[in-house]
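Note: hydrogens, waters and symmetry copies are ignored here, and every other heavy atom, side chains too, is used. Just so you know, ligand 1 is whichever comes first in the structure, and atom 1 is the first atom listed for that ligand.
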Amino acid sequence: TMRESYASENDSGFKCLKPDLRPIVVVGGYGQLGSLFCRLFELSGYEVRKLGSQDWGRADELLSDAGMVVVSVPIHLTEQVIAKLGNLPEDCILADLTSVKAGPLQAMLEVHHGPVVGLHPMFGPDISSLAKQVVVYCDGRSPESYQWLLEQFQIWGATLNRISAVEHDQGMTLIQALRHFTSFVYGVHLAEEDPKLEQLMSLSSPIYRLELAMVGRLFAQDAQLYADIIMSSPQNLAMIKRFHQRFGEAIEMLDTQDKEAFKRAFNQVEHWFGDYAQHFLIESQGLLRQANDTTQR
Ligand code: NAD
């Protein structure tokens with residue numbers, strides 16, 4: 001299986017594409033995502049140092065000969081931490097793993113005059129392998145000096161997608177902020193309604209179990225991270241308010257029992273999805289078959 005082949009790859013390590021790189025310093029390297037990347041870099045033979053929140057007293061010592069610095073601290077602290085990195089070697093690569101990109105990228109370009117790249121791994125620390133996972137990156141400065149890094153991610157199994165920081169943040173308004181927020185509200189609603197979760201699951205179709213899983217997994221993770229992601233930009237809030245407004249409009253159809261309006265809206269959306277509606281129906285059938293095969297209870 002995928003998991004086993006990853007385990008054996010770990011034992012033998014991954015190929016190292018930049019053996020002459022000076023030490024990699026991961027700021028926030030004791031955190032969830034930071035420690036995952038530390039492990040991967042170590043497995044590939046790089047020398048890795050962690051710079052945690054208590055280590056700023058010896059930051060100069062840790063950073064003076066860094067070949068690459070990767071920032072992986074909580075979002076709300078990212079820009080102020082980046083601002084402390086003004087003394088890196090000229091040829092050092094400065095990168096970050098933040099879930100938002102425009103602000104941190106700008107801060108990195110301002111503080112450091114060498115190579116800069118913004119990274120957003122589209123996965124959390126709970127994955128067992130980078131196989132088929134996506135890493136989004138935003139070019140900052142001197143891309144030729146960090147091509148090896150992007151290739152290293154590919155050796156770990158990841159797929160890379162390049163995008164501008166602004167477009168990234170716009171996309172994340174829907175993909176992260178709105179989606180996590182609706183999961184959050186659904187969780188709040190469930191907790192208030194207080195149904196018996198066991199019973200709910202026994203009554204569920206596989207697709208509803210998946211929905212429960214998608215909502216429930218949010219609450220197994222870090223509240224600060226999701227507060228930061230959802231509230232990271234005014235455009236997120238504006239998007240969420242538009243959604244709220246449409247929710248209200250849709251409820252009006254129910255209040256007036258307007259099934260014709262409901263069907264008109266339904267058909268408009270169907271038309272908007274186009275061929276994708278059928279595509280998603282088939283794709284979800286495949287996912288549900290897999291979910292059925294692996295569900296324990
Ligand atoms: P985390 O809280 O687990 O880790 C952050 C680490 O930074 C902690 O160890 C904390 O002690 C440390 N830290 C705090 N202040 C510091 C300082 N001043 N100097 C040095 N270290 C400091 O958070 P995480 O989930 O690993 O997230 C880190 C980054 O990764 C965030 O930018 C987040 O957006 C990004 N990210 C997280 C996920 C995820 O699912 N967890 C996914 C993609 C991207």
Task: Phe181-Met122 co-clustered via ILVMFWY side chain contacts under 4.5 Å - done: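 In one cluster with Phe181: Met122, no.
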
- [ ] Check whether Leu33 and Met108 end up in the same hydrophobic cluster, where Ile, Leu, Val, Met, Phe, Trp and Tyr are linked by side-chain heavy atoms less than 4.5 Å apart.
- [x]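 Each belongs to a different hydrophobic cluster.
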
- [ ] Please indicate, with yes or no, if any protein heavy atom is found under 4.0 Å from atom 41 (N) of ligand 1?
- [x]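 Protein heavy atoms within 4.0 Å of atom 41 (N) of ligand 1 - there is at least one.
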
TODO: Flag atom 23 (O) of ligand 1 as yes if some protein heavy-atom distance to it falls below 4.0 Å, otherwise no.
DONE: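 It does not; no protein heavy atom is within 4.0 Å.
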
Any side-chain donor near an acceptor of the partner, [X] and [Y], under 3.5 Å:
X      : Y      : answer
Gln224 : His76  : yes
Glu110 : Gln106 : yes
Ser232 : Asn236 : yes

Task: Carboxylate-amine/guanidinium contact Asp91 Arg22, below 4.0 Å - done: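 Looking at Arg22 together with Asp91, the answer is yes, because their closest N to O distance falls below 4.0 Å.
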
Open item on the list: Using a strict threshold of under 4.0 Å (side-chain N to carboxylate O), is an ion pair present between Asp258 and Lys263?
Closed with: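 Answer for the salt bridge query: no.
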
Of all the non-hydrogen atoms in the protein, which one sits nearest to [atom], and at what distance?
atom                    : value
atom 12 (C) of ligand 1 : Gly28 CA, 4.0 Å
atom 11 (O) of ligand 1 : Ser53 OG, 4.0 Å
atom 1 (P) of ligand 1  : Gln32 N, 3.9 Å
atom 9 (O) of ligand 1  : Gly31 N, 3.1 Å
atom 32 (O) of ligand 1 : Val73 O, 3.1 Å
atom 30 (O) of ligand 1 : Leu33 CD2, 3.5 Å

Under a 4.0 Å heavy-atom limit, does [X] contact ligand 1 with its side chain, its backbone, both, or neither?
X     : value
Leu77 : side chain
Asp55 : neither
Thr98 : both
Trp56 : side chain

Would you check whether [X] has a nitrogen or oxygen atom less than 3.5 angstrom from a nitrogen or oxygen atom of ligand 1?
X      : result
Pro125 : no
Val81  : no
Tyr226 : no

Ligand-residue contact atoms, ligand 1 with [X], heavy atoms, under 4.0 Å:
X      : answer
Gly124 : 39 (C), 40 (O)
Ile75  : 32 (O), 34 (O)
Leu97  : 30 (O), 35 (C), 36 (N), 44 (C)
Leu225 : 33 (C), 34 (O), 39 (C), 40 (O), 41 (N)
Pro121 : 43 (C)
Phe123 : 42 (C), 43 (C)
Ser99  : 33 (C), 34 (O), 35 (C), 36 (N), 43 (C), 44 (C)
Val27  : 20 (C)

- [ ] Show your working on side chain to side chain contact (heavy atoms under 4.5 Å, CB included) between Leu130 and Leu40 and close with a plain yes or no.
- [x] CA-CA 10 Å; Leu130 255 59; Leu40 288 164; 3.9 Å; yes

Can you classify the ring geometry of [X] versus [Y] as parallel (below 30°), tilted (30 to 60°) or perpendicular (above 60°)?
X      : Y      : answer
Tyr276 : His279 : perpendicular
Phe37  : Phe123 : parallel
Trp148 : Tyr46  : tilted
Trp156 : Phe153 : tilted

- [ ] Select the closest option to atom 10 (C) of ligand 1 among Ser232, Pro74, Ser35, judged by heavy-atom distance.
- [x]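 Going through Ser232, Pro74, Ser35 one by one, Pro74 has the nearest heavy atom to atom 10 (C) of ligand 1.
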
Task: Test item: Arg217 side-chain N/O and Ala213 main-chain N/O as donor-acceptor pair under 3.5 Å - done: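 Looks like no, no N/O pair under 3.5 Å.
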
Open item on the list: Determine whether a donor-acceptor pair (N or O, by modelled atom type, separation under 3.5 Å) exists between the side chain of Lys101 and the backbone of Leu119.
Closed with: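 Answer holds: yes.
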
